[in-house]
Structure formats: C-alpha cells, structure tokens
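So that the names make sense, note that chain A is the first sequence line, chain B the second, and so on, each numbered from 1.
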Amino acid sequence: MASLSKILYVEDDEDIRSIATMGLEMIGGLDVLPCSSGAEALLKAEGYAPDLFLLDVMMPDMDGPSTLEALRQLPTLLSTPAVFMTAKVQPQEVARYLSMGVLGVIPKPFDAMNLANQLQQLWSKAQE
Amino acid sequence: MITPSLPPNEGQRLSNLRDLNILDTGAEAGFDRLTRLASRLFNVPIALVSIIDENRQWFKSRQGLDTCETERDISFCGHTILGHEVMVVNDATLDSRFSDNPLVTGDLGIRFYAGAPLIDQDGCALGTLCIIDKKPRQLNKLEIETLRDIAELVMNEINNIKFRHKANELERRKKRSDLSARLMNLAVQSDFDVFRSSQYLLDQLLELTESVHGFAVGISLDNRIHALATTTAFDSSQSFFEKLIGLDKIVLSNNPRAEVAHLPDNDDIEHFSALLIIPILHEKKQLGVIGLAKSTGSYDSSHLDFLKPVIQLLVQLGINLELRLERSRDRKILARLSEVARQMPSGVVITDHERKIEWVNESFTRTTGYTLDEIKGQIPSNLLKGPETDRLVLNQIEAHLTRGESFEAELMSYTKSGSAYWNHLLCKPLIDANGVNSGYLTIETDVSEKKRSLDLLAERESLLRSLFELSPVGIALNDAKTGNYLEVNQAFTKSIQYSVDELKSLSYLDLTPKEYEPLEEVFLEKLKQHGRFGPYEKEYIRKDGTRYPVLLSAISLKDHKGRDLIWSIVEDISERKKIEKNQNDLISVISHELRTPLTSISGALQLISNSKDVEIPAKIIHLLEIAVKNTNKLSLLVSDILDISKLSAGELSINLQVHPIHHSLVSAVELNKALGQRKNVHIVLDSHVDGVEVLIDFHRLEQVLSNLISNAIKFSPHNSHINIDAEIVADRVKISVTDKGQGIPKSSHSQIFQKFFQVDPTDRRSTGGTGLGLSISRELIIRMNGHIGFDSQPGHGTTFWITLPVHHSD
C-alpha cells in the first residue's frame, strides 16, 4: 500500500495556508506544496507530482471544485485523489462535493493538530 | 102531441138557471117539505119541483116519482113555463097537446096535471111546482091560489139557494182577502219562513178553490226546484216538478189525463178531474210554481181571478225573499272582507277617485299613528311624505295615478310623530261596474326592518367580497370531487397567469407538478379527517410553464346543496423563498468568513503549543492554553449563531418528497465520520430498510440524523462505537442511534428536547454544541409526520430513535 507523502495544497487565505501547511509538515511529517490559487496549482502540479490534492472550496477566480476539475485534466494527475476543505458544511453542499469523487470533506474550522491524521485516514480508506 | 115552444127570454132564462147552480144538486129538505105538503094537501100521488133545462126537465124535489128527469119535449112543465099563470090539465087524454104524450099513454098514465111556474126576479120561469094524478080532476079557484102560494114558497127556497151562494161567495171573498192580508203581513216580516208559510198558503188555496191536491215549489238561483209544500198526491213528484222549469203560462185543464202531456205516471195524478198550474214569474224570471188539482169538479176563470192577486203577492214575497237573501249574502261577504281588511298585518288605504282617504285599517293606524277620523279626506302622499322622501319616486307615483295604472314602489314615509320608515306600496285603481275609476286601494307595508337587513347583508357581502377580491394572498374555491376551480381572486390569477374563466375549466391537479402527487394524497386524507390541512409548501405551474413556490392552507366545507368544497389560501412565496435563499447564502458566507480567521488563530496557537523546535516555558504554554480555550469559545459562539439561525430556518418550510430512507442514513453517517474519527468512535450502520421510501424533506432529515449521530459521538467515550439501526415496525421506519456514553440522568429526561437544554452545561468543551440540536430535530421530525424519543439509563448509554411513516406509492 502506497503511503501518503506529498500533498498539493490550495488555499487562498494566507494565514490558514501557513497553519495548515505547518500542521501537516510539523505534526504529520508530510511534504506540502502550498499554492495560493487554482491557477498557481495548475502551473506547479505536474512538476510536483503530489499524492493527494487538498483543496479549499471557497476561493476567488477558481474555486475548489473547478480547480479539481482542471487538475484532473492533467494527464498524469487525473486519478490523483482529492480532499476538500471548507466551512460550507451544509448537507447539500457536502453531498455535492462528495459526488465529485473526492475522498472526503474536511470542515473548517479544522484542527491543525489533527489535519495530517485525517488525511492519512482518508488515504488509507481509499487504498482499501 | 105538441112540443112546448121556447119562452121568449129563453137565453136569459137559461143563463139565470146556470147561475143558480141548482141543476143536478141533491135533494134538499126545504123543497121536499113543500112537495110533500103539496102532495098531501091536494091528495095527489105525485108532486114535483121541476126545473126546465135546455133539453130536459130535472126534478129538484119529487114525491111519488122515481125518475129524476125527463125530456123537455114531452114535459108538461115545458108548457107551463110559457106563461105566468098556473096551467091546469083536467084530463090529459082529452087535451090535444098531451093525448099522445108517452107520459100519458105510457106506464105513468098521467091524466091530471097542475103546475105553477117558478118566476125569478127577472121574470124568467125557471121551472114549476106541479101536482100530478092518474085520474082526471078539477081544481077550483082557491086550490089554484093555494098551488100558486106553494110555488111562491118554492121560489123562496130557490132564492135561499141564491142567498146561500151569495153568502158563500162573500165568505169566500172575505177568506181570500184575509189570506191576502195575512200573506202581506208575512211578506214584510224579517223572519219570513218560506217553508212554513208555503204550507199555510197551500192549505188556504186548497180550501178556497175547493181543491184536494196541490203543491207549491220554489226555484232557486241555480235553477233547481225545491218543493215547499205538497199534498200526498205530489209528495214524490220531483221529476214532475222538474218538468215545470221554464213554464211561463198558466195551465188550466178540466181533463188533464187527455190534455196535459207532461203528467208522469202516477196513479193519483191520473185521477184528477181538473188541474191548475200557475207559474210565479217576475220579470221573465220564474220564482216558483203553484199547482192545484181536484178529483171532482173543475176550475174556471173565477178561480184565476181570485188567484191573480195572491200570485202577485207571492211574486212580491219571492222578490223580497231573494232581496233579503242577497242582502244577507252581501252583508256576509262584506263583513268578511271588512274583517280581512281590518286584520291584515299590512296597512290598507282606500281612497276615492280624487285620492282622498275614505278608509284605513287598524294596521295603518298602528304603523302611522293616524286614526281614520284624523285623516279622512286627506291625500295620503301629502300626509306621509317627509324630508327624506325621494321626490323622484313621488313624481313617478303621481304619474301612475294620473294614468290610472297599478304600481309598486318603496318610499320613505313619516309617522304622525315624525319618525321615518321604509314604506312598500302596492296600489291598484278600483274600477266600478261601469268601467269608471272609483278610487284606489293601496296596501302599505313597513319594510324598514327588511331593508335594513338587506342593506346590512349587502354591506357584509360587499365587505367580504372586497376581502376576497383585494386580498394580497390568493384565495381559491374548488370542487372537492373534481378539483375544479369554482372561484378565484385576483391575487391568484395574477400569480398563476390563467384568467378566471380558464381556471374554471381546470383543476388544481392540472397546475401541480407531478412530484407533489403523493403529497396531494396526504393532504386530501388529512383534509377529510380534520377538515383542514396546512400550511404546506408546494409548487404550481404557471400558464407560461414556469413554476413558483406556494404556501397552501385548506379547509373543507359543504355548500347548501351538500356538495363538498375546498377553500384554499394560496400564498405566493417566491419572494420569501428568495429571501430564505439569500439568508441561507448569507449564513453560509458568514459562517465561512467567521470560521476562517478562527481556524487560523486556533491552528496557529496549537502549532505553537506543539512546536518541537523551541523550548517553551510553562508560563507561556499556560497563556497559549488560555488563548486556545477562548478561541474554542468563539468557535462555539459561531456554532450558536448558526444553530439559532438554523432554528429560525427550521421554522420555515418543509419540503416533503419521496426518498429512499437508506440514502438519508448513509449521507448522515458520512457527514459525521470525521467527527467520530477525532475521538476514534466508529459508526456502525445496520440497515434493514433497503428500498423503503419515506415522505420527507431530505436535507432536514439529514440534519436530524446528523444531530443524533453527532450527539452520540460527542457523548461516547473515546475508542468506542455508536450503532445506527434501521428497521420496519408497524408500517413505520424506526431508526435508532445508540451510544455507550454516560446516559442521561432521570432528572433531565423531561427537558431533553427543550431549547438550550444541556445535561451538564459546564462541560462544554467535551460536549460542544449549544443545546439547540435536539429541539430543532424534534420540530423537524414532527413536521415530517414522525416521532422522536430516547431511552437512557445512567451508566448504560443512550438510544435516540425516530420513526417515520413508510410511504407506499400506489
């Protein structure tokens, strides 16, 4: 079973991006490529070759779902698993995200200490 | 033999003889005495009082002779009456006049005859007193005188007859005039009893005309014969009487059997010798008939003469009677009409042709306060008009009256005391028998009450109608059976875009999208059960095909024919829905905006605390812990805000549709997986409800299930699991969420579903939440026709369950 090590993380909010990255790196020991927008992610994604996309949903210009869609267009990344992170946890929205074939939805406010763990769990589950 | 010639005054003689009525009468003592005397005195075997009739001699009295009459031609007395002297025949055989007379030559063998003529006051010889012997004899002068004297005595007797007749006649006359007087008296009496008087009258007439049988019949107005008095012969002669209807001439017959054609077969009647029938006529009208009949004897003009005045009287009686009856009839009718007019609940006014009041009834006085005496001769319209009387209507009434037309009108009238009332008039001109207007009859009714009620009713009707028409909310009336629209208001037609007429040929089912059909069934059921349903949300399809959301409330009712109807309030909630959506969007945005900084703060603080790079002094760690704790508080506040708004949102509509229950379970579990993972609490789903459908609001049920599951997780110890079981019990889906937590103390059981209630409010950190979840969940479940409950024992965990009716789509 492959292990999770590289995360492509897209989040427009600076502070949240810092904290989440630190949490994943410091607590989870994961390698993270933080991007501030979907556009940046598209530029860097193929070069980085992540194991998992971690995407914020609410972003200007390109939101999480659109970013995911675009990323999946990239040939090497079309089956890369993804996880959404969002404060919008109203059920119909969650249902919508899940229907896009993501591993899960992590609600905001997230627990920075637990984030890596959550991703690991979702990753393991997907591997089964 | 020589037949006697006729005396010169034979005509008069015979006439006088007739008047005497002596012929063929019975023997009388007076005459017999004289013939006896003559016979004894002259010592002759035969003595006669002989009356010479036209062709015979008839013996009024005879001694010694059986026959009562002989032919005149062979009579001796026929010769005697030719002179005034006594005629003596000493020996008949020697007298050429009588020698071959059969009376001489025959068995009688008369030889001696002496006869004295009986001379009346006119000098007519009526007959003789004669003596006869069978041997010849002579009479001396003295004997002849004696014979003459006796003849005088006979004459006296004859005169007596005359006097007797006269006396009878006078008596008869007296009786007749008495009868007339009596009848006249009766005629003027007011209690004239036709029947009793008729009997009396008939009896009198019978006596006076020497009749044995008779009848008196009256003819009533309807041309029917009524027998007023009858003798036995006519007792059952109704059919005979009926033949007398129309008789206008007197019938006098002295041979009725032969002459009177219309005698019915009646033995008695057959034997009448004479019949007299007199119709009582007045101005060509037959009032009655009097009939008299004799078994012996006859009627003649004298009877008629007598009867004429009586008949006149009878006519008068008849007329009087009729008049009296008519008057009494008229009186009766008048009395009744007066009674009716008097007692009518409406006022009755009779005016003359100049419209002046002649009569008013009690009701009029009651209504207006005017008595007849006060207002006789006044004109009603002048009397009753007042300040608010419509002049236009008055003019119209005037016009009708001038044209002599009947009319109906309503007019404000005023009583004597000046109070106004609505007066309904019904007026008819009265035309007399000659076609001339003789006045007016007006019926006046106080309709103030009625008018008031009608006005009130109209006002009410108008008020309600304006409510209906102007209501900003759509209102519709439908036939419960067909669903067709019967009445709709503007608000509804505006939203739905169909016109009133178009809607009348549509049913609400035509306007409802298909997916609401199961809901419609529930709605109809509830409506039948409780008489009302709603409010509930659905959508209608507009004329242009677009949909819009509505909030519907309905009540069922019956019209006066017993037809089932539905009144529904159809509120177009498009605006509200928009606002709701905006609100929800706002909440989403807010929650995101609030949560984002919180995440950063919380995350940063935690990372600092866990930093392996730097050694952080205990004091700093403590400060960090404070910061983290408060950040969490803020986070919970945000949750509160969200929950409160959720609650308000929860009070908004419920959107029921059919879903498989399994989906709701699965998605609720998914939502809370992360939460469970944080504490390492597994969610175990044991579902036996595959394919089972429920009528629910999907996202709300998810909220409820999510709430129960998150509660279960919150109260579970770390590294445990919660069980979710779903099964069918009594046609309901039962979902149970069980945790292995502390359980709920008994004291808290009754408050579990209350807003903001938490078993241990101090222990927020581990439990989280604001205490709103269960109250929201309960409300939502109830709205979906479900139930919610729990079982819990301290120390043994808690099970929260919900039930929902299984939806059968048939």
S.K.: Could you tell me if the side chain of A/Ile27 sits less than 4.5 Å from the side chain of B/Leu607, heavy atoms only?
M.R.: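 They are in contact (side-chain heavy atoms under 4.5 Å apart), so the answer is yes.
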S.K.: Please classify the contact of B/Leu605 with chain A as side chain, backbone, both or neither, using a heavy-atom distance under 4.5 Å.
M.R.: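 Neither part.
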S.K.: Quick check: do A/Met22 and B/Gln606 have side-chain heavy atoms less than 4.5 Å from each other?
M.R.: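 Sidechains of B/Gln606 and A/Met22: no contact.
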S.K.: Rounded to the nearest 0.5 Å, what separates atom NZ in A/Lys125 from atom NZ in B/Lys673?
M.R.: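 If we round to the nearest 0.5 Å, A/Lys125:NZ and B/Lys673:NZ are 2.5 Å apart.
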S.K.: Might you confirm whether atom CZ of A/Arg72 has over 12 heavy atoms from other residues, nucleotides or ligands at distances under 6.0 Å?
M.R.: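 Above 12, so yes.
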S.K.: Distance from B/Arg678 atom CZ to A/Asn117 atom CG, nearest 0.5 Å?
M.R.: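 Going from CZ on B/Arg678 over to CG on A/Asn117, the span is 11.0 Å.
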S.K.: Taking atom CG of B/Leu671 and atom CG of A/Leu98, what is their separation to the nearest 0.5 Å?
M.R.: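 Output value for this atom pair is 7.5 Å.
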S.K.: Taking all non-hydrogen atoms of both residues, which atom of B/Gly603 and which atom of A/Ala112 are closest, and how far apart?
M.R.: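 Closest heavy-atom pair between B/Gly603 and A/Ala112: CA-CB, 3.5 Å.
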S.K.: Sort out for me which of B/Ala668, B/Ser667, B/Ala604, B/Ala674 touches chain A most, counting heavy-atom pairs under 4.5 Å.
M.R.: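 Highest number of heavy-atom pairs under 4.5 Å: B/Ala604.
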S.K.: Would one find more than 12 heavy atoms of other residues, nucleotides or ligands at under 6.0 Å from atom CG of B/Asn719?
M.R.: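 Yes, because the 6.0 Å sphere around CG of B/Asn719 holds more than 12 heavy atoms from other groups.
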S.K.: Among A/Gln121, A/Arg17, A/Gln118, A/Glu14, who wins on heavy-atom pairs under 4.5 Å with chain B?
M.R.: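 Of A/Gln121, A/Arg17, A/Gln118, A/Glu14, A/Gln121 has the most heavy-atom pairs under 4.5 Å with chain B.
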